[in-house]
A.B. asks: 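One structure, pasted below without further comment.
Just so it is clear, the structure is predicted and the values come from calculations on it, not from any experiment. Each chain gets a letter, A, B and so on, in the order the sequences are listed, and its residues count up from 1.
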There are 2 protein chains.
Amino acid sequence: MDGKGISKAVITRLPRYYRYLGELLENGVERISSNDLSKQMKVTASQIRQDLNNFGGFGQQGYGYNVRFLYNEIGRILGLDHVHSMIIIGAGHLGQALANYVKFEKRGFKIIGIFDINPNLKGSMVRGIGIQMLDELPKFLEEYTVEIATLTIPKDSAREVAELLVANGIKAIWNFAHIDLNLVLPSDIIVENVHLSESLMRLSYNLTHAENKQKKM
Amino acid sequence: MDGKGISKAVITRLPRYYRYLGELLENGVERISSNDLSKQMKVTASQIRQDLNNFGGFGQQGYGYNVRFLYNEIGRILGLDHVHSMIIIGAGHLGQALANYVKFEKRGFKIIGIFDINPNLKGSMVRGIGIQMLDELPKFLEEYTVEIATLTIPKDSAREVAELLVANGIKAIWNFAHIDLNLVLPSDIIVENVHLSESLMRLSYNLTHAENKQKKM
DNA sequence: TAGATTGTTAATCGATTAACAATC
DNA sequence: TAGATTGTTAATCGATTAACAATC
């Protein structure tokens with residue numbers, strides 16, 4: 001009934017369910033059947049039911065699913081029912097953009113520190129948080145409980161910094177550097193990658209092969 | 001021998017192969033076998049050979065793969081052998097961060113315009129490009145050939161703007177808004193999503209269920 | 001109760017891995 | 001030539017879809 005042995009594909013779909021349910025909730029929809037939801041999301045009803053039943057029976061025969069209840073349950077499954085403290089390593093454009101992204105805080109991801117190695121940035125404020133130097137990190141991690149470290153630094157220093165983070169107790173890394181940290185860090189460290197250039201390459205691939213794609217439709 | 005009927009999973013792996021081959025190239029490695037590469041990438045040699053053979057026989061029995069050749073071939077498959085012109089819609093923190101990301105240009109993604117609706121931003125320069133107002137977009141798209149539009153705007157206006165883009169000839173959208181544009185746009189429009197909050201939720205999921213995960217190891 | 005819709009088992013489909021003949 | 005390694009077919013595994021009995 002919990003997160004053991006759930007396939008990656010299922011986990012990837014959970015946030016999407018959560019998003020659709022949140023919208024239904026906003027629109028005042030009280031209940032929904034897997035069939036109706038499947039039409040909106042363009043997936044099979046069977047998949048929705050299978051996915052949800054990995055975590056428990058949230059529906060009711062003859063009724064469907066209560067939107068608010070299911071929304072909350074998925075939120076709980078995703079760990080959005082409590083606050084996650086976060087730091088950002090790398091106060092470049094991307095790091096600052098993430099720090100300024102209000103929506104994360106609404107979802108319970110609270111940024112409590114920003115670090116960089118560029119002395120010119122020292123003390124600069126980003127959304128009310130002063131940028132600190134990387135060598136202040138160990139002391140900071142002793143003082144504050146931090147769950148997630150966001151890595152927005154160039155690839156070349158990413159491994160070294162990640163190892164420093166892990167040595168100081170960080171358990172999860174949101175990694176924007178183009179390196180497979182999961183292959184170099186201990187296996188119990190959680191790494192979630194956002195590789196923007198790989199995303200752009202997939203787009204480029206689809207653009208380049210658009211003619212063939214068309215044929216299939 | 002080309003991009004027809006290639007599965008999404010394969011396409012997702014191509015940029016990763018490209019990255020590893022690029023690193024091998026930098027390190028002066030001339031040739032590599034699927035077996036050696038599989039050890040570095042932590043995938044099966046069989047998968048590497050199967051993936052590559054979707055596009056052609058790039059190797060040689062008894063020798064393996066020539067690194068430079070394979071690197072170039074994958075680059076060509078991904079469409080990185082020619083320049084893609086790009087515009088950014090939404091000059092907020094994220095849009096500006098992307099505009100400032102030098103690496104894209106090195107890969108052939110050339111940003112030639114930035115648009116926003118905030119009149120305060122009009123004329124502001126980002127990496128040498130002046131921010132234009134959204135109502136200047138149709139004229140701009142008549143004048144310049146633009147392949148990709150990057151959408152870094154709030155979800156609420158994303159659909160409308162995307163439809164405007166499509167109406168003016170845009171064929172591919174790099175979408176950072178939390179909406180499934182592919183479901184509302186014509187099916188020949190290419191949409192590549194980067195949903196940061198969904199990535200963060202997956203991280204949160206793995207963090208929340210870390211104990212169970214441990215057990216499996 | 002009758003109708004609707006879930007939860008769950010069984011069938012199908014597709015992707016990954018293994019095996020090996022072809023060949024450099 | 002002998003050894004190495006690919007390209008490709010066959011076997012396995014896992015994920016998706018279909019079907020339906022259970023039940024609200």
A.B. asks: For the residue pair F115(B) and F140(B), is the inter-centroid distance of their aromatic rings smaller than 6.0 Å?
C.D. replies: yes
A.B. asks: Using a cut-off of 4.0 Å between protein heavy atoms and nucleotide atoms, how would you tag nucleotides 17-24 of chain C 5' to 3' with B, S and -?
C.D. replies: BBBB-BBB
A.B. asks: Going through the distances and angles, do L196(B) and F176(A) end up as a side chain to side chain contact (heavy atoms under 4.5 Å, CB included)?
C.D. replies: CA-CA 11 Å; L196(B) 293 179; F176(A) 287 74; 3.9 Å; yes
A.B. asks: Atom CG of N54(A) and atom P of dT8(C): how far apart are they, to the nearest Å?
C.D. replies: 11 Å
A.B. asks: Rounding to an integer number of Å, can you tell me how far F58(A) CZ sits from dG7(C) P?
C.D. replies: 9 Å
A.B. asks: Given that both pair distances must be under 3.5 Å and the pair must be Watson-Crick or G-U, what runs of three or more consecutive pairs involve DNA chain D?
C.D. replies: C:3-24 with D:3-24
A.B. asks: Should the heavy atoms of other residues, nucleotides or ligands under 6.0 Å from OH of Y63(A) be counted, would the total exceed 12?
C.D. replies: yes
A.B. asks: Calculate the interatomic distance between D51(A) atom CG and dT16(D) atom C1'; express it in whole Å.
C.D. replies: 10 Å
A.B. asks: Would you mind reading off the distance between R13(A) atom CZ and dA15(D) atom P, rounded to a whole angstrom?
C.D. replies: 9 Å
A.B. asks: Between CZ of R76(A) and OG1 of T208(B), what distance do you get to the nearest 0.5 Å?
C.D. replies: 10.5 Å
A.B. asks: Between C1' on dT16(D) and NZ on K8(A), what's the gap in Å once rounded to a whole number?
C.D. replies: 19 Å
A.B. asks: Using the ring-ring contact (aromatic ring centres under 6.0 Å, His included) criterion, which residues pair with Y65(B)? Sequence neighbours excluded.
C.D. replies: none
A.B. asks: Do E30(A) and R68(A) sit within salt-bridge range, that is, some charged N less than 4.0 Å from a carboxylate O?
C.D. replies: no
A.B. asks: May I ask you to decide if G64(B)'s main-chain N or O and S33(B)'s side chain share a donor-acceptor pair within less than 3.5 Å?
C.D. replies: no
A.B. asks: Between atom OH in Y65(A) and atom C1' in dG7(C), what is the gap in whole Å?
C.D. replies: 8 Å
A.B. asks: So for atom CD1, which belongs to I117(A), do other residues, nucleotides or ligands contribute more than 12 heavy atoms lying within a distance under 6.0 Å?
C.D. replies: no
A.B. asks: Can you measure I11(B) atom CD1 to dA15(C) atom C1' for me and round it to whole angstrom units?
C.D. replies: 14 Å
A.B. asks: Give a yes or no on this: more than 12 heavy atoms of other residues, nucleotides or ligands lie within 6.0 Å of atom NZ of K110(B).
C.D. replies: no
A.B. asks: Report the distance from atom CD1 of I32(A) to atom P of dA4(C), rounded to the nearest whole Å.
C.D. replies: 17 Å
A.B. asks: What is the nucleic acid contact for R31(B), judged by heavy atoms within less than 4.0 Å: base, sugar-phosphate only, or nothing?
C.D. replies: nothing
A.B. asks: N53(B) or A9(A): which one's nearest nucleotide on DNA chain D is closer to the 5' end?
C.D. replies: N53(B)
